[in-house]
Structures are given as C-alpha cells and as structure tokens.
2 protein chains.
Amino acid sequence: MNQSVRQYRVISSTAPQCAAQAGATTRACLSDLLRLMDADAETGPASDSCPVLMRPLRAGTALFHEHGQIDAIHFVSMGSFKIYRTAEDGYEQVLGFARRGEVLGYDAVCLGQHPTAAVALEDARVFAISVRELFALLQRVPALDRLLHLAVSRQLTRAAEIADLMAAVAAEVRLARFLVLQSEQMKACGQSPVRLLLRMGRRDIASHLGVAHETVSRSFSVLADWGWLHVNNREVEILDLAQLKTFARSTRRSIDDIGVRAKASSAPAELLPRSNARELSWVAGRQGFGFDGAVTSGGICIDHPRPGATATKHSHAA
Amino acid sequence: MNQSVRQYRVISSTAPQCAAQAGATTRACLSDLLRLMDADAETGPASDSCPVLMRPLRAGTALFHEHGQIDAIHFVSMGSFKIYRTAEDGYEQVLGFARRGEVLGYDAVCLGQHPTAAVALEDARVFAISVRELFALLQRVPALDRLLHLAVSRQLTRAAEIADLMAAVAAEVRLARFLVLQSEQMKACGQSPVRLLLRMGRRDIASHLGVAHETVSRSFSVLADWGWLHVNNREVEILDLAQLKTFARSTRRSIDDIGVRAKASSAPAELLPRSNARELSWVAGRQGFGFDGAVTSGGICIDHPRPGATATKHSHAA
DNA sequence: CGCTTGCTTGAGAAATGTCAAGTCGTGTGG
DNA sequence: CCACACGACTTGACATTTCTCAAGCAAGCG
C-alpha cells in the first residue's frame, strides 16, 4: 500500500512526459489485441502481420497531450489512465478514468489532434494502431472494424456516466455513484468489487464530480460515518455495496428517506438535513394531450415529489 | 415564432410515440447519406442498392426509447433532438441535443438496447441503417465505414462538452457556454449564430446544465442585464458574442474580472459578488520527481495557477 | 373565457465553496 | 540517521451561491 501511495506521488509530481520516451515500444500481434477486447471473433487471416504496437508506460507519463497531433489510437491493456482537459487558466477538468479494454484517443480521429490528454495513473500498457493505416487495416480485418465499433459504442455510453456523476445531485450521491462505478469496473477486470485502491487523488475525483476537493473529503467521511464504507486515504473498502448502490440511485428528492434509514441503523442521527431536487424535468405526462383530454390529471407521473416526506425534515442535531 | 412555441407544447405534452407510427418511412439513397455527412468521398459502387431508410418524425415523437431494442442507427438530416435518460424516480437527465449531421443511437450498438432516449424537438428527418446489416454494409462500402468512424469520433468529443457544461462553474457561465455551443452549432448548420431559437424548454436546459430551472431563468436575466443578449422566451439574440465567449471561458476564479467589466459597461453595478474556484487539480508539476532530482522546481509545469492573479479579488460592488 | 403550462421573480433555507489550520506520510538534505 | 519541508488529506468556520417554496404573469388551448 505504501507502494501505491508512492506511485501516486510520482504521478502528481511529474509533468507528464511524452509516451515515446517512456519505454520501449514493441511490436505486438493483432490477435492479442482482438483477444483483449473480449472478441471471441476469430482473428482472421492477416492478423499477424499487422502494424500493432505495444507501448509500456510508466506511472505518471502521458499517453498523449492535449492539442497533440494524433498518431495512433490506443487500447488499454493494463493499468489505468486519467483523461482530462486543461482550461486556459490552468483549471483541469477530469473527464474520466480509463481501464483495461477501453479505447483512448479515438476522439481525436475526427480532429487530427487530441481534444483531451491522457496520463497513466500507474504503470500501464497499451496497444497502438497508427491512424495512418487505420482505415486500411479496418478494411483488411473486418473483425477489428467490428471490435472498434463496439468499443467506441461502449465508450459513448460513458458520456452518460459523466453526466450522471456531475448532474443534479448532492455531493455524497455523486461520490457514491463514482464508487459504484469504480466497483463495477474493478469487477469487470476480475478484481474485488469491494476493495478499491483509488489511483487518483482527491482533487482528481473532485474535478470529475464537479465539486471542491474538500467536499469530496467530507463526503467520504459522511459515507464512512453511515457505515457504507471504510476509508483509509486511497484505500476504500465498501462495507455495504447494496445500500451504497441504492443511495447512489437517489435523486435529491429521495435522499431523505435513504439517509434517514441509514442514519437510524448505523449513525447516531446527527447528520443529514437533505431535501432537494435540483433539476428534473419530471416526466410530465400530467397535462392533458390536446387529444384525448381524458388524462388531464392522470397518474402517468412516475413518482410524485411527496412534499415534506421525511418527517425529520431538519434533524440537525435536534 | 408562435408556431415554435406551439410545437413545443405538443412535445412536452405528448408521451413520445413510437417513431414507426409517426410517418411514412421511405427508401433513400446511400449517397444522400454520404453527402449529408460532408463526405466528399465518392459514394463507391454499391451506393444505390443499399438498405438506407429515411424516417420523417413529427415534433414530439420519439426516435427511440430508453431500454428500447436497437433496430437501427440514425443520422439526423433535419430538425433537432433531445437525448435524455430517465431515472427510476422520474428524474429526467438531458444529455444533449442533436442536430443535422449527428449520429443517434450508436451507443446502443454495444448493448443491444438503447441506454438513452431521443425525441424530436421539431419536425425532423433521419436516415436509418439497420443494425442487422450494419457491419456487412460497412464492409461493402468503405466510405460509409470511414464516415461512421469520423462521425462517432465527433460524437465522442461531445462528452467533453457535457462535462464543460455541468462542471465546476457558476450557473451563468454554464448558460453562457451552452449558448455559445448553440451558436456554433447554428453557424455550422448555416444559420445565424446570433439569433437563436431554442427548441427546448427551460427545464431541459436546466437539466442539461445541472441546475434548477429557476436558476436558468435568473441566469438568462443576468446575462441579459449585462447586455450580452436579448431574451424573449425561447428567442435569444446574442448581442455581444465575443464577450459572451470570453465569459464562457471563465472558471470561477476569473469571473470577477469579466463580471466587473461587464457590470461597469452596462449595468448599474449591483449584481455580482462572485469569487469561487470549485475544483481544479492544478497541474502540479512542482514537486521533484524521485529520480532525476534536477527538475525539482523546474518549469515543466504547463500553466501555473497565478495565485491571486485577478487583483480585484473581491470586487463586490466596490 | 378559464384552464393549464411555462417562465420569471422574490425570500428564506440549505448546501457547497472558500479560507484556514492541523495531521500525516514521504522525500530531501544536512 | 534525523530534521525539515512539501504535498495530500481532513476538518472547522464563515461566506456565498444555489435550491426550494411560493406567487404572479403571459400565452395557448379547449
């Protein structure tokens, strides 16, 4: 564990270096790549004489820089990456974290240069396919084309995750969602879904969630106080994944309930005022449609606000 | 303009209907699709005997529903769409708005079902390619494959836009960013970049920005008071695009300056305390790297925070 | 003509940001 | 080897923004 912390120190203290310098780029086999991407599709004929490279990266080194010219698209084989963007004034927006199986740099294909930067959070390894030869290769190896389409499609679903993390919920919920996502990704990688070793710092998490890093700290403490998890710096053990997931699903409206239950069961009822509901656009359904006036105040609405539901509206150390 | 409002009423009051019901699906030509996507690549041989359909949609009808099975991927030819996700409790998260040239439903390819829903904000038209035949078609028509890759790559860059909109900035800035994006998209479609007709309601915008709809209203008023724009319900005229863009770029730290200038020039100096800086993860770069102690405080750092840069730290109506 | 809906605005409450202090672990340098 | 400095993380107190609730206005539609 000490080691992991040391790794991070290295990370944050290094100005990302160019990937090319980082390690020996070795020639790899296309079928390895196909296997990596859970492709049960057979590799096809031309699989072994293909321009697929393998790049090892040390922790803290950049795979590519913002505005850097695109030379290849990458597939993470090992390790994890932070994807981010830096504003003119230095504000760093973390867009996500990538793991084994994910595509990196594909968003640069349409631009010719990278709109984002990627830096390894730990020692890592990626497959690289030169964009020069990309389209030709895709034609030669249909399996790769299919694989790439599927991978990118999956990547697109991540966009919604970003929105989920940052939009319209209390800070603790954002953190819970983040942890649940991490947990699921760990599981997908065959590791324990409850013992997380977060490779990124609080600031990175904060940026990703769209809150202040102090708020992240506080949220960790709150979730720990409620008994959902055990936090020791970057080691996080999820003690009650089920409830964490339930909590993560809550919109501001529903926090009260869950929170209260939580509080009752494990904490001495001191925290949690909670009662919000940022944005919503409730599935209207209420209003009569110009047409078939019958449903004018019908019950199509999914779940009503229950104004003043929680009873303990203001537990506030009462 | 009245008309547009009427259209919207239909939208919000309608439970989205299945696209199939909405209009006659007509057979279309693949080369039309290729032309739509700014492909100067020639269409190739098999272009005209291809399973490309054209679907017209009336305002308010859904192109596909959340969790609905994927049958095709779509390319917007005309009109605009709202992409959203609905939580269990009815909370509707708007993920984005799509226009001419954008791909819809591609994120479902890897899942077999749609993780999001899409509904037309106005009368619209899309090209549809059945997923059944998709991969075969991509092999037969390399130009289409290339085009799809490029389009999806562009779509991926949208993920960063979502983050930009929702993360770590004051509400007025989020709105400004949103408007700038809208403006740019209008321009890309060949329309006026300063006269916007927002097809979506305040709630949708609010959800997209991650704030309460009242806050959106107030932010509109603020930007209008500052003289950046003229707002009349869903008609927005941008009066000073340059300054709006500058403002949109600001992080919380820099709002003071711009806000002050704005205030001084057009408003009677009453609003705007402002002084934040949510999350940041400043590119550290300062601390020495364990190895090669030379760079201990070197200048590898990309762009230093300029601590206390803005001078007018707390202009506060002074 | 009244209803509904969307939009705006106000006032008070709550959440989060900001500033600041303190702890701890690590790496540096004496 | 130890002292020191630096950075990450946590926590507290206060300031500020945003949310929530509530009311009012305007417009479209039945």
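Everything numeric in this text was worked out from a predicted model, so none of it was measured. Per chain, numbering begins at 1; letters A, B, ... match sequence-line order.
- Between Ser221(A) and the phosphate of dT11(D), there is a side-chain N or O to OP1/OP2 separation shorter than 4.0 Å.
- Contact of the Val180(B) side chain with the Phe247(B) side chain is not registered, since no non-hydrogen atoms from C-beta on lie closer than 4.5 Å.
- To the nearest angstrom, C1' of dT8(C) lies 14 Å from CD1 of Ile205(B).
- Under 4.0 angstrom from either OP1 or OP2 of dC9(D) there lies at least one side-chain N or O belonging to Arg234(A).
- Taking 4.0 angstrom as the limit, Thr215(B) places none of its side-chain polar atoms (N or O) nearer than this to OP1 or OP2 of dT17(D).
- Atom CG of Asn233(B) and atom P of dA27(D) are 9 Å apart (whole Å).
- Under 3.5 Å, the side chain of Glu214(B) and the base of dC7(C) form no donor-acceptor pair of N or O atoms.
- Shown here are the side chain to side chain contact (heavy atoms under 4.5 Å, CB included) partners of Leu165(B), two or more places apart in sequence or in another chain: Arg177(B), Phe178(B), Leu181(B), His208(B), Leu209(B).
- Within the structure, a side-chain polar atom (N or O) of Arg202(B) is placed less than 4.0 Å from OP1 or OP2 of dT8(C).
- Following rounding to the nearest Å, His230(A) (NE2) and dT10(D) (P) show an atom-to-atom distance of 13 Å.
- dC9(D) atom P lies 13 Å from atom CG of Leu175(A), rounded to whole Å.
- Between Arg203(B) and the phosphate of dG6(C), there is no side-chain N or O to OP1/OP2 separation shorter than 4.0 Å.
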Quick one, Glu172(B) with Ser219(B), criterion side chain to side chain donor-acceptor pair (under 3.5 Å). Give me CA distance, side-chain angles, the key distance, then yes/no.
CA-CA 5 Å; Glu172(B) 296 93 4; Ser219(B) 298; 4.5 Å; no
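- Taking 4.0 Å as the cut-off between side-chain N and carboxylate O, Arg85(A) and Glu92(A) do not count as a salt-bridged pair.
- In this structure, Tyr91(B) places its OH atom 12 Å from C1' of dC19(D), rounding to the nearest Å.
- Rounded to an integer number of Å, the gap from CG of Leu209(B) to P of dT18(D) is 12 Å.
- Taking atom CG on Leu198(A) and atom C1' on dT10(D), their separation rounds to 16 Å, with Å as the unit.
- In the set dT16(C), dT18(D), dT9(C), the nucleotide with an atom closest to the side chain of Ala171(B) is dT18(D).
- On a pure distance criterion of 3.5 Å, a polar donor-acceptor pair joins the side chain of Arg218(B) and the base of dG10(C).
- Arg249(B) forms no cation-pi arrangement with Tyr91(A), by the criterion of a distance under 6.0 Å to the ring centre and an angle within 45° of the ring axis.
- Here dA8(D) presents its P atom at 15 Å from CE of Met200(A), a figure rounded to the nearest Å.
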